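Structure first, then comments.
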Number of protein chains: 2
Amino acid sequence: MREKERRRCELQAEVLKALAHPLRLAVVQYLAKEEKCVCEIVDYVGTSQSNISKHLSIMKRVGILSDRKEGLSVYYRLNMPCALNFFQCVQDIIETQISERSAALR
Amino acid sequence: MREKERRRCELQAEVLKALAHPLRLAVVQYLAKEEKCVCEIVDYVGTSQSNISKHLSIMKRVGILSDRKEGLSVYYRLNMPCALNFFQCVQDIIETQISERSAALR
DNA sequence: TTACTATATTACCAATTGGTAAAATAGTAA
DNA sequence: TTACTATTTTACCAATTGGTAATATAGTAA
């Protein structure tokens with residue numbers, strides 16, 4: 001494995017790590033259609049404001065989200081529409097997994 | 001956010017977490033075309049055998065990889081070919097990110 | 001100015017993750 | 001049987017992550 005590939009995998013892993021958290025996935029999917037302000041995201045996800053703020057900054061840092069200020073509010077938007085394609089693929093794995101497990105129980 | 005969506009996000013995050021590590025990404029990409037035995041993967045990635053074994057079991061547990069025994073060797077294969085589509089999307093984010101940062105420096 | 005609102009940041013702690021080294025397992029072969 | 005090889009598992013430790021509560025920042029409005 002060459003050094004170049006190693007570095008590419010490190011960068012890719014940073015982006016995937018920023019996606020790989022239940023609340024962050026929920027936010028990404030919530031932002032699929034349109035931008036939302038932090039207070040809407042907090043209401044939707046149902047956790048503390050400071051917690052959401054930290055998760056948003058993690059995703060912003062790697063480029064998954066962008067933000068825009070308007071008055072007191074900050075609006076976040078999804079900067080990576082292709083991420084939405086992931087979810088069907090991931091979901092397929094989950095369902096295969098579940099059906100294999102239940103088959104194994106029989 | 002409904003309970004059902006929350007659970008879906010939790011499952012999806014488990015799969016993504018199992019992908020979101022530089023060595024594990026390297027393994028997934030190495031397995032893109034064909035199955036490989038553990039010793040080949042160890043040689044390719046260049047870390048200890050017990051470390052690789054642990055990473056492989058993490059990916060196997062969530063269904064990303066499957067394995068097959070042949071004599072002393074264990075062969076792993078990618079059970080999630082659609083994962084390969086992720087990487088271009090992730091790579092696009094990385095490159096946008098890099099070009100925005102270098103633009104910001106100017 | 002003061003008070004209020006939305007958001008971000010900090011400090012802290014508990015839980016999880018990732019790595020290494022050693023021991024266990026299991027197949028092969030003499 | 002014994003020795004050898006490939007792999008997994010365990011025990012352990014350091015580093016990272018995720019959450020909460022408190023504080024700071026910044027815009028708005030009286």
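Numbered from 1 within each chain, the chains take letters A, B, ... in sequence-line order. All figures in this text were calculated on a predicted structure; none of them were measured in a lab.
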May I have the list of side-chain donor-acceptor pairs in residues 81-91 of chain A shorter than 3.5 Å, sequence neighbours left out?
residue, atom, partner, partner atom, Å
A:Gln88, NE2, A:Asp92, OD1, 2.9
A:Gln91, OE1, B:Gln12, NE2, 2.9
A:Gln91, NE2, A:Glu95, OE2, 3.3

Original post:
Atom CG of B:Leu65 to atom P of D:dT8: distance rounded to whole Å?
Top reply: 11 Å
**OP:** Using the closest heavy atom to pick a nucleotide of DNA chain D for each, name whichever of A:Glu70 or A:Gln49 lands nearer the 5' end.
**Re:** A:Gln49
Original post:
So, B:Gln97 versus A:Arg61: side-chain donor-acceptor pair below 3.5 Å or not?
Top reply: no
**OP:** Starting from P on D:dA6, measure out to CG on B:Leu56 and report it in whole angstrom.
**Re:** 16 Å
Original post:
Taking OP1 and OP2 of D:dT8, is either one under 4.0 Å from a side-chain nitrogen or oxygen of B:Tyr76?
Top reply: yes
Subject >> Atom pair CD/OH of A:Glu35 and A:Tyr76 - distance to nearest 0.5 Å >> reply: 12.0 Å
**OP:** Report yes or no: does B:Glu14 contribute a side-chain atom to a donor-acceptor pair with the main-chain N or O of A:Pro22 at less than 3.5 Å?
**Re:** no
Original post:
Starting at the 5' end of DNA chain D and moving along, which residue's nearest nucleotide shows up first, A:Ile58 or A:Gly71?
Top reply: A:Ile58
**OP:** Answer with base, sugar-phosphate or nothing: what part of the nucleic acid does B:Ser73 contact at a heavy-atom distance below 4.0 Å?
**Re:** sugar-phosphate
Original post:
Do the side-chain N and O atoms of B:Glu34 and B:Tyr75 include a donor-acceptor pair separated by under 3.5 angstrom?
Top reply: no
Subject >> Which nucleotide in D:dA6, D:dA26, D:dA22 has an atom nearest any side-chain atom of A:Lys69 >> reply: D:dA26
**OP:** Return the 5'-most residue of the pair B:His55, A:Lys60 with respect to DNA chain C, ranking by each residue's nearest nucleotide.
**Re:** A:Lys60
**OP:** Could you check how far CG of B:Asp67 sits from C1' of D:dT8, rounded to whole Å?
**Re:** 11 Å
**OP:** Verify, without hydrogens or angle tests, whether B:Arg24 (side chain) and B:Lys17 (backbone) share a donor-acceptor contact under 3.5 angstrom.
**Re:** yes
**OP:** Check every nucleotide of DNA chain C for an atom under 4.0 Å from a heavy-atom of chain B, then give the first and the last such nucleotide from 5' to 3'.
**Re:** C:dT17 to C:dT28
**OP:** Take atom CD of B:Glu35 and atom P of D:dT7, then tell me their distance rounded to the nearest Å.
**Re:** 12 Å
**OP:** Using both distances under 3.5 Å as the test, list the Watson-Crick or G-U wobble partner of C:dA22, or none.
**Re:** D:dT9
Original post:
NA contact type, B:Ser50, heavy-atom cut-off 4.0 Å: base, sugar-phosphate, or nothing?
Top reply: base
Subject >> Nearest-0.5 Å distance, CG of residue A:Leu23 to NZ of residue A:Lys54 >> reply: 12.0 Å
Original post:
Can you tell me how far C1' of D:dA6 sits from CZ of B:Arg68, to the nearest Å?
Top reply: 15 Å
**OP:** Give none if C:dA30 has no partner; otherwise give the nucleotide forming a Watson-Crick or G-U wobble pair with it, both distances under 3.5 Å.
**Re:** D:dT1
Original post:
Which sits closer to the 5' end of DNA chain C, A:Glu40 or B:Leu23, going by the nucleotide each is nearest to?
Top reply: A:Glu40
Original post:
NA contact type, B:Lys17, heavy-atom cut-off 4.0 Å: base, sugar-phosphate, or nothing?
Top reply: sugar-phosphate
